[in-house]
**Q** 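This is the structure I want to talk about, given as structure tokens.
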There are 2 protein chains.
Amino acid sequence: MSSTINPNDMLPRYFQLVTILRAKIEAGEWQPHAAIPSERQLEVLYSVSRTTVRQAVGLLIRQGLVYQLHGKGTYVSPRKLQKGLVELTSFSEDMLQRGLQPGQRILELAEVEAPEQVRQHLELSPDIRTVIRLERVRTGDGQPIGLQTSYLNLPAGATLTREQLEERGSLYAILQEKYNINLAAADETLEVTVATPREALLLEVPAGNPLLLSERILWTNERRAIEFVKILYRGDRYRYTVRLTR
Amino acid sequence: MSSTINPNDMLPRYFQLVTILRAKIEAGEWQPHAAIPSERQLEVLYSVSRTTVRQAVGLLIRQGLVYQLHGKGTYVSPRKLQKGLVELTSFSEDMLQRGLQPGQRILELAEVEAPEQVRQHLELSPDIRTVIRLERVRTGDGQPIGLQTSYLNLPAGATLTREQLEERGSLYAILQEKYNINLAAADETLEVTVATPREALLLEVPAGNPLLLSERILWTNERRAIEFVKILYRGDRYRYTVRLTR
DNA sequence: TAGTGGTCTAGACCACCCT
DNA sequence: GGGTGGTCTAGACCACTAA
């Protein structure tokens with residue numbers, strides 16, 4: 001059990017401190033609404049500077065584990081806020097977090113002329129004419145959950161095959177491993193719609209049933225829009241959760 | 001035009017720097033994907049320490065205005081990411097952001113025995129038996145947008161009257177001004193449902209129409225759950241937007 | 001090699017809270 | 001007055017990128 005900071009460790013000190021403090025909170029050593037040691041006490045306890053302490057605490061605050069009150073102290077958040085908020089996740093990660101086994105059935109994978117709506121969302125320059133269209137039925141524990149249509153603006157020369165997708169499952173894992181593309185942010189809109197006959201068939205619900213429509217634009221770490229993706233979720237099998245902060 | 005930092009200003013220096021840099025970005029002085037001055041250049045340009053520069057830049061990053069690449073520089077985000085996205089807002093603020101005039105029709109304001117679902121969401125201790133129930137039809141430019149039901153666990157002695165609500169409009173403004181309660185975070189879930197006859201009547205849609213159901217738990221700066229609120233949105237008049245980061 | 005962001009130190013003073 | 005978090009300085013070294 002390492003509960004001291006090792007200056008020779010590969011990991012930065014503030015990150016080691018985050019790990020130590022998180023462990024104590026999750027082990028219940030400090031109860032919700034109880035004060036943890038002050039920043040100056042943590043300085044002494046772990047032999048780091050106050051800047052480093054504040055870097056660690058700042059991360060814990062953004063993760064929802066603790067909160068600070070000016071002039072009073074640093075406190076452990078109630079359990080409900082300790083649970084990690086929804087971050088930017090792929091469908092697969094999302095399903096795993098919900099305790100369901102993610103699956104997919106690929107309906108189409110093709111290079112297509114980019115529709116105008118997609119051109120705008122991906123901010124395509126005029127010289128880019130085509131994008132990759134990927135349509136899949138996504139499942140959780142084998143049951144249809146959503147109908148997903150992706151439009152991808154991959155870097156020149158990059159390709160994507162059915163085999164890769166079937167083998168690896170997650171598209172984002174392929175982008176990361178093969179092309180070193182990391183996702184940094186996404187803008188998402190949600191609205192209500194009703195199932196067309198085709199959608200109803202694929203999702204195994206009656207036509208006209210209410211669905212949740214999600215539209216996402218995904219941005220790389222270089223803030224290039226790389227994907228526009230729609231997911232039609234079965235209204236009875238999907239709840240969307242998000243944490244808002246001020 | 002103040003584009004230097006005033007050490008005697010009430011505002012902290014990093015915040016003044018944020019304001020200056022944001023103004024330059026929004027004025028188009030630095031175009032999207034262009035590099036802004038390096039941290040060491042900003043140190044000299046504005047006569048502050050690198051720590052202060054990094055505090056300012058860190059804020060701009062969290063607000064989506066710029067991004068950094070290790071070893072390369074700090075760059076202006078594309079316009080779509082510059083638009084600050086949804087933070088924790090009240091219905092009124094939400095409507096104003098969408099360019100609609102918020103309104104309300106109060107259906108009920110009463111102290112009621114807390115339903116079990118509400119007890120759990122607000123983590124009520126056994127000695128608290130009642131909460132305030134507030135039911136309102138919320139409108140945008142006079143048109144019904146949502147049916148909102150709030151359950152409030154106000155501090156002992158605090159009250160809330162129809163007059164206050166009608167005069168002030170926003171509940172959160174009252175909490176802030178009268179009781180110095182600040183909201184810090186919210187957990188929200190979204191799902192699809194269909195309108196019951198009563199809901200349909202109030203929202204002026206046919207019964208059975210699809211609706212977007214939002215359920216929120218709101219936390220104060222001391223991380224006490226203060227409100228559980230459901231809003232049933234008309235599916236045809238409301239889109240929900242979020243920004244996710246990683 | 002030079003320039004960039006990432007981490008870290010050892011201080012300091014201010015603003016706020018409580019007794 | 002003493003303790004807390006909030007802001008700030010003037011340095012330093014490391015890790016990464018590009019010419």
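In this text, all values refer to a predicted model and were calculated from it rather than measured experimentally. Here is how names work: the chains are called A, B, and so on, in the same order as the sequence lines, proteins then strands, and each is numbered from 1.
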**Q** According to salt bridge (charged side-chain N to carboxylate O under 4.0 Å, His left out), who are the partners of R129(B), at least two apart in sequence or on a separate chain?
**A** E113(B)

**Q** Nearest whole Å is fine: how far is dT9(C) P from E39(A) CD?
**A** 14 Å

**Q** Can you tell me how far P of dG6(D) sits from CG of L42(A), to the nearest Å?
**A** 13 Å

**Q** Which whole-number value in Å describes the distance from Y75(B) OH to dT4(C) P?
**A** 10 Å

**Q** If I take atom CG in residue L11(B) and atom P in nucleotide dC14(C), what distance separates them, rounded to the nearest angstrom?
**A** 18 Å

**Q** Think Q41(A) has a side-chain N or O under 4.0 angstrom from the OP1 or OP2 of dG3(D)?
**A** no

**Q** Would you indicate what T51(A) reaches in the nucleic acid, counting non-hydrogen atoms under 4.0 angstrom: base, sugar-phosphate, or nothing?
**A** base

**Q** Working note: R162(A) + L165(A), criterion side chain to side chain contact (heavy atoms under 4.5 Å, CB included); need CA distance, chi angles, decisive distance, verdict.
**A** CA-CA 5 Å; R162(A) 257 182 142 83; L165(A) 272 172; 5.8 Å; no

**Q** For Y67(B), check ring pair (Phe, Tyr, Trp, His ring centres under 6.0 Å) against everything at least two apart and list the hits.
**A** Y75(B)

**Q** Would you indicate what E43(B) reaches in the nucleic acid, counting non-hydrogen atoms under 4.0 angstrom: base, sugar-phosphate, or nothing?
**A** nothing

**Q** Please, which pairs that meet ring pair (Phe, Tyr, Trp, His ring centres under 6.0 Å) have at least one residue in residues 11-38 of chain B, sequence neighbours excluded?
**A** none

**Q** Reading nucleotides 12-19 of chain D from the 5' end, what letters show protein touch, with B for base, S for backbone sugar-phosphate only, - for no heavy atom under 4.0 Å?
**A** BB-BBSS-

**Q** Provide the closest heavy-atom pair for R98(A) versus R239(A) in the form atom of the first, atom of the second, distance.
**A** NH2-O, 2.8 Å

**Q** Rounded to whole angstroms, how far apart are OH on Y67(A) and P on dG6(D)?
**A** 14 Å

**Q** Look at the rings of F228(A) and H121(A) and say which category their plane angle falls in: under 30° parallel, 30 to 60° tilted, over 60° perpendicular.
**A** parallel

**Q** Below 4.0 angstrom from OP1 or OP2 of dT4(D), is there any side-chain N or O of Q68(A)?
**A** no

**Q** Taking the side chain of V48(A) as heavy atoms from C-beta outward, which of dT7(C), dT9(C), dC8(D) is closest to it?
**A** dT9(C)

**Q** Quick one: list whatever passes salt bridge (charged side-chain N to carboxylate O under 4.0 Å, His left out) with E26(B), sequence neighbours left out.
**A** R22(B)

**Q** Does T74(A) place a side-chain N or O at less than 4.0 Å from the phosphate oxygens OP1/OP2 of dT4(D)?
**A** no

**Q** Which whole-number value in Å describes the distance from D9(B) CG to dA15(C) C1'?
**A** 16 Å

**Q** Please list, chain by chain and in numerical order, all residues satisfying salt bridge (charged side-chain N to carboxylate O under 4.0 Å, His left out) with R50(A), sequence neighbours excluded.
**A** E39(A)

**Q** Contact list please: residues 52-60 of chain A against DNA chain C, heavy atoms, distance less than 4.0 Å, in numerical order.
**A** T52(A), Q55(A)

**Q** Rounded to whole Å, how long is the line connecting atom CG of L69(B) with atom P of dG6(C)?
**A** 9 Å

**Q** Check salt bridge (charged side-chain N to carboxylate O under 4.0 Å, His left out) between E93(A) and all other residues, then give those that pass, not counting sequence neighbours.
**A** R246(B)

**Q** Think S49(A) has a side-chain N or O under 4.0 angstrom from the OP1 or OP2 of dG11(C)?
**A** no

**Q** Would you kindly give the CD-to-P distance between E222(B) and dT4(D), to the nearest whole Å?
**A** 18 Å

**Q** Which atom pairs, one a donor and one an acceptor, fall under 3.5 Å between side chains of residues 149-160 of chain A and the rest of the protein, sequence neighbours left out?
**A**
unit_1: S150(A); atom_1: OG; unit_2: E227(A); atom_2: OE2; d: 2.8
unit_1: Y151(A); atom_1: OH; unit_2: R133(A); atom_2: NE; d: 3.2

